[in-house]
Student: 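I'd like to ask some things about the structure below.
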Amino acid sequence: MTPVGAPVVRDEALEKVTGAAKYAYEYGSGEQTAYAWIVTSTVARGRVMSVGADHVLTADDVIAVLWHENAPRLGDVGDPVVAVLQDGDVHYRGQVVALVVAKTPEAAREAAARLPVEYEELSHDVVLTPDHETLYKPAQVNPSFETDTRQGDPDGALEASPVTVDHTYTTVALHNNPMEPHASTALWHDDGTLTLWDSNQGGHPVRETIAGLFEVEPGAVRVVNAHVGGGFGSKGTPRPNVVLAVMAARVTGRPVKLAVTRQQMFSLVGYRTPTIQRIRLGAEADGRLNAIVHEVVEQTATVKEFAEQTAVATRKIYAAPHRRTSHRLARLDVPVPSWMRAPGECPGFYAFESAMDELAHDLGMDPVELRVRNEPEVDPETGNPFSSRNLVACLREGAARFGWEPGPRTPRSRQEGRWLIGTGVAASFYPTYEAPATATASTDGNGHYTVAINATDIGTGARTALRQLAAEALDLPLERVSIRIGDSELPPAGLAGGSMGTRSWGWAVTKACAQLLSSGSPEVTVNTADDIEALGQYSRGAYGAQFVEVRVDVDTGELRVPRMTGIFAAGRIVNARTARSQIVGGMTMGLSMALHEEGVMDAAFGDYANHDLAGYHVASCADVGSIDVGWIEEDDEHLGGARTKGIGEIGIVGTAAAVANAVFDATGVRVRELPIQAQHVLS
Ligand code: MOS
């Protein structure tokens with residue numbers, strides 16, 4: 001009986017529901033413990049001239065006030081985001097300008113609110129426009145893709161095509177809101193070593209960054225992240241909170257706890273850039289694409305470049321001999337954009353898969369068939385063969401399960417009572433990544449086996465999935481296998497990010513188990529760098545198809561999504577229960593992007609005006625109907641390792657397009673900006 005694929009209940013389920021699972025802020029409590037509170041800038045650009053520390057240090061419980069004139073100097077790790085309190089320059093509203101440390105969180109918060117900060121204020125520019133004067137071409141887009149690509153003669157092909165679409169789609173800033181805010185507890189020991197309980201997506205990168213900033217050996221820093229309440233990318237790189245906690249602990253000689261408030265998360269932890277995307281498609285009358293052009297304008301910050309790879313997935317999804325993609329950035333006085341679930345693919349596919357729906361409409365074709373007709377034989381960008389590609393199978397299976405009516409959509413043709421009803425489809429895609437990892441497998445000689453690896457379970461179920469993979473590799477029942485993760489003392493491994501966590505760690509875990517069995521020794525340690533290096537020249541990615549039903553109130557424009565179906569092809573699925581949860585989460589986040597989430601820029605103050613969960617609505621249970629998730633069985637020998645792809649991100653890719661396409665089918669109104677709201681569809 002293989003445990004891989006089974007819907008095993010997550011290992012830490014009981015700990016989590018009983019509150020026994022400890023998160024970063026819950027460690028290090030004691031009489032000496034101090035609490036730090038961040039003070040953020042109230043201007044969008046300028047300079048901090050003075051901080052009235054004396055004004056608050058007179059309060060009984062206030063221990064220290066740190067700002068750029070008295071904060072310890074940090075080593076240079078090449079990341080301005082973590083170089084906190086090193087100079088007085090203000091690059092965006094909501095930047096860290098001071099830190100208050102006190103004996104209680106209440107005293108820290110109160111003093112932070114009273115702390116006088118004087119600025120020299122300069123004018124700011126925070127509004128993204130399609131022809132912004134600062135637009136430039138970045139050297140590459142994240143993580144290391146070409147900024148622009150071109151094949152053939154896209155302009156000529158567009159002109160020669162009997163059917164073309166040419167539309168511009170926009171998305172707004174989207175803010176990461178994991179349930180657990182960013183939090184850290186720091187404790188320096190007498191021997192100069194540091195223990196850091198920190199909420200992050202990978203302990204080893206945090207260890208390296210902190211060691212570099214505080215100029216100690218990486219081995220002197222221990223990062224524990226046993227439980228993490230979500231990340232979505234915002235905890236994929238160290239943020240200011242962890243640096244400030246360590247700094248405050250060093251200055252005060254106490255254990256220090258620091259939690260970013262929900263409001264502060266809107267400027268300090270990274271958000272998804274707004275985008276302006278022009279898509280042009282040229283097709284034959286039978287739907288075959290001749291040309292694809294995808295041009296992206298997005299924003300970055302003045303203090304650091306973040307170049308989201310919005311058009312990258314477009315390069316891979318459909319056949320077309322002539323194609324061009326490009327990215328341009330406007331450098332604005334805004335908080336630094338960063339990683340958010342499927343960075344690039346998510347906003348890119350909203351625009352691209354909307355344009356495909358517009359093309360299907362103009363052609364009078366079934367949007368499912370249009371996609372099938374443009375299925376490429378090899379990766380259209382590289383010419384490499386696909387290791388496996390089951391987009392068509394996902395479309396077919398999804399259409400059957402959803403009850404998709406074949407044929408072209410006939411907008412505004414179905415109504416039940418007050419509700420206009422529409423259905424929409426979109427494709428999903430996420431590349432398959434992997435990073436080297438190290439794992440140790442050992443046996444106690446009494447039939448129990450333990451695998452140790454510094455993996456991070458940010459709520460995905462990774463801990464459980466790895467135990468299942470280990471049990472399979474050892475050919476043992478689950479209860480004879482333990483997994484140890486979430487501690488930088490364990491063998492080094494990469495991030496829970498890029499949907500590559502379980503794939504990368506699982507590779508090392510299964511390799512360690514296999515070697516333990518074949519070697520006959522009580523303990524082995526393996527690394528997968530060489531195995532990854534040896535992967536063949538294949539195009540590896542996960543694919544999916546999403547089907548959505550939308551209902552629109554004919555009088556009020558109220559939008560509801562009673563049901564969605566998502567079918568995915570993502571290699572072997574390790575745990576049916578946690579995989580389903582991941583994908584339901586991704587699709588919910590995509591629905592939230594389609595209808596609700598919107599960072600509203602206040603141009604006068606230079607900040608996102610709605611920086612809390614009252615003003616920034618994230619889809620709640622009442623916004624979500626039934627979500628039906630399934631997958632195509634894949635056993636792809638070119639994946640290596642445990643033959644898994646990734647499922648963390650693909651669930652959000654394409655969802656918003658499927659919703660927008662369904663809104664068009666319901667109402668006949670094509671909305672090309674997100675989020676779609678009542679005012680867009682009322683006619
Ligand atoms: Mo995800 S945005 O790769 O953590």
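All values derive from a computational prediction rather than experimental measurement. Counting starts at 1 for both ligands and their atoms, following the listed order.
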Student: Give me the nearest non-hydrogen protein atom to atom 2 (S) of ligand 1 as residue plus atom name, then the distance to 0.1 Å.
Tutor: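 Going atom by atom, the protein heavy atom closest to atom 2 (S) of ligand 1 ends up being F232 O, 3.2 Å.
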Student: When you measure from atom 1 (Mo) of ligand 1 to every protein heavy atom, which one gives the shortest distance, and what is it?
Tutor: E649 OE2, 3.3 Å
Student: Which word best sums up how the rings of F429 and F349 line up, parallel for under 30°, tilted for 30 to 60°, or perpendicular for over 60°?
Tutor: tilted
Student: What is the nearest protein non-hydrogen atom to atom 4 (O) of ligand 1, stated with its residue, atom name and distance?
Tutor: Q201 NE2, 2.8 Å
Student: Polar contacts were defined as any N/O atom of the residue lying under 3.5 Å from an N/O atom of the ligand; does this apply to A342 and ligand 1?
Tutor: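 No, A342 has no N/O under 3.5 Å of an N/O on ligand 1.
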Student: F306 vs W339 aromatic rings, parallel, tilted or perpendicular, using cut-offs 30° and 60°?
Tutor: perpendicular
Student: For the residue pair Y27 and W197, does the interplanar ring angle fall in the parallel (under 30°), tilted (30 to 60°) or perpendicular (over 60°) class?
Tutor: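 Parallel, since the angle between the ring planes stays under 30°.
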Student: In terms of heavy-atom contacts, does CZ of R672 have more than 12 from other residues, nucleotides or ligands at under 6.0 Å?
Tutor: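 Counting other residues, nucleotides and ligands, CZ of R672 exceeds 12 neighbours.
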Student: Would you call the rings of H227 and Y23 parallel, tilted or perpendicular, taking 30° and 60° as the class edges?
Tutor: tilted
Student: Sequence neighbours excluded, which residues qualify as side chain to side chain donor-acceptor pair (under 3.5 Å) partners of Y608?
Tutor: Q299
Student: Out of all atoms in ligand 1, which are within 4.0 Å of some heavy atom of R341? Include the element for each.
Tutor: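 Numbered from 1, ligand 1 contributes 2 (S).
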Student: Which of the numbered atoms in ligand 1 are below 4.0 angstrom from a heavy atom of G497?
Tutor: 3 (O), 4 (O)
Student: Considering the heavy atoms of P343, write down every atom of ligand 1 situated less than 4.0 Å from one of them.
Tutor: 2 (S)
Student: Any chance the side chains of T464 and N575 put a donor and an acceptor closer than 3.5 Å?
Tutor: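 On atom types as modelled, these side chains do not qualify, holding no pair under 3.5 Å.
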Student: Just to confirm my output: which protein heavy-atom neighbour is closest to atom 3 (O) of ligand 1, and how far is it?
Tutor: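 Ranking protein heavy atoms by distance from atom 3 (O) of ligand 1, first comes G498 N, 2.5 Å.
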Student: With a 4.0 Å cut-off on heavy atoms, is G236 in contact with ligand 1?
Tutor: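 The answer is no: ligand 1 sits nowhere under 4.0 Å from a heavy atom of G236.
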